[in-house]
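Throughout, residue positions are numbered sequentially from 1 according to the sequence presented.
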Amino acid sequence: MAAMAVAAAALLGCNDLESCGSTAVDITRTDGGLYRCVTSEDCPRTSRVSVCVTDVSSERECVRCDETRCVRLIPESC
């Protein structure tokens, strides 16, 4: 019984990034201006960064279009 309680606590703990959230950072040009977008695919990103597919915090960094500006979502570790 105690092992099940420990396993359940581990599943509900800090490994759930959805509850920890993420930090949104504007993606800026070299001149300091913002990158503008219509869809998330318009935003610049490196090969290691994906396009955000949901509004839920991701386990990995991603980019999305937020009110016509490109933002990078950086997950917060617990």
Side-chain angles (χ1 to χ4, degrees):
M1 187 69 138
M4 281 182 32
V6 170
L11 290 174
L12 296 174
C14 283
N15 291 331
D16 183 3
L17 289 174
E18 183 177 347
S19 64
C20 295
S22 59
T23 302
V25 178
D26 287 329
I27 301 173
T28 56
R29 299 177 184 275
T30 55
D31 65 1
L34 295 175
Y35 275 101
R36 295 296 178 177
C37 56
V38 176
T39 67
S40 296
E41 289 79 8
D42 297 337
C43 298
R45 58 191 166 91
T46 63
S47 61
R48 299 178 78 191
V49 176
S50 62
V51 172
C52 302
V53 292
T54 67
D55 291 335
V56 177
S57 296
S58 173
E59 292 180 14
R60 295 182 49 186
E61 184 176 324
C62 62
V63 297
R64 77 173 181 200
C65 185
D66 189 16
E67 297 180 6
T68 71
R69 73 185 204 290
C70 291
V71 295
R72 186 174 53 164
L73 293 178
I74 304 169
E76 295 177 7
S77 58
C78 296

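The SG atoms of C62 and C52 are placed within less than 2.5 angstrom of each other. Per the SG-SG cut-off, C37 and C70 are not bridged by a disulfide [distance not under 2.5 Å].
Panel note: side chain S40, backbone C65; a donor-acceptor pair is recorded below 3.5 Å.
The stretch residues 29-46 participates, sequence neighbours left out, in no salt bridge (charged side-chain N to carboxylate O under 4.0 Å, His left out) pair at all.
Between C43 and R64, the shortest heavy-atom contact is SG-O, 3.8 Å.
Residues that satisfy the side chain to side chain donor-acceptor pair (under 3.5 Å) test with D66, not counting sequence neighbours, are absent from this structure. Scored by the side-chain contact (heavy atoms from CB on, under 4.5 Å) test, T46 finds R48, V49 as partners (sequence neighbours excluded).
Screening D26, T23, V63 against V71 for a side chain to side chain contact (heavy atoms under 4.5 Å, CB included) leaves a single residue, D26.
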